[in-house]
Amino acid sequence: MDNFRCRATVGRGSDERCQNGCERGLEIGQESLENLRSALLRDYPDLGESPANELAAMTLSQLDGSFVAAMAGETALTPRVLSDAVHTLAKSMSANASIADVRRAR
């Protein structure tokens, strides 16, 4: 959810229902981010907190972008393509974290 857009809408004197909807949208975004971060750490325990946070945020941004692209008629960015990309990146980041741990241990 676009935090800036939500605050701008609420700031223009919109009704309480709109404000509650924006606030709930932000809460859902935070919950989604946390759930995704937790799933990434569960599936890729070597990933680390910071990379998991960054990857979760990037994934949610990609999903938002894919919805916009779909509305414009673009069909190449399917949820499956995005999922495969996230898992490939997570595996790579996790492998790199493991290599760095081995190098530090030397």
Enquirer: So, using side chain to side chain contact (heavy atoms under 4.5 Å, CB included) as the criterion, who are the partners of Gln30 when residues are at least two apart?
Expert: Leu33

Enquirer: If you measure only the distance, is there a donor-acceptor pair under 3.5 Å linking the side chains of Ser66 and Gln62?
Expert: no

Enquirer: Among residues at least two apart in sequence or on other chains, which ones pass side chain to side chain donor-acceptor pair (under 3.5 Å) with Ser61?
Expert: none

Enquirer: To the closest 0.5 Å, what do you measure between CG (Asn53) and CG (Leu47)?
Expert: 9.5 Å

Enquirer: Sequence neighbours excluded, which residues qualify as side chain to side chain donor-acceptor pair (under 3.5 Å) partners of Ser83?
Expert: none

Enquirer: Under the rule for salt bridge (charged side-chain N to carboxylate O under 4.0 Å, His left out), what residues qualify as partners of Asp84, not counting sequence neighbours?
Expert: Arg80

Enquirer: Among Pro51, Ser94, Ser92, find the one that has a side-chain contact (heavy atoms from CB on, under 4.5 Å) with Tyr44.
Expert: Ser94

Enquirer: Can you list the residues that meet the side chain to side chain contact (heavy atoms under 4.5 Å, CB included) rule with Ser32, with sequence neighbours excluded?
Expert: Ile28, Leu60

Enquirer: Who passes side chain to side chain contact (heavy atoms under 4.5 Å, CB included) against Leu89, sequence neighbours left out?
Expert: Leu55, Met58, Met93

Enquirer: For Leu36 versus Ala56, what's the shortest heavy-atom pair and its separation?
Expert: CD2-O, 3.5 Å

Enquirer: Out of the candidates Glu31, Glu49, Glu54, only one should pair with Arg37 under the salt bridge (Lys or Arg N to Asp or Glu O under 4.0 Å) rule; please name it.
Expert: Glu49

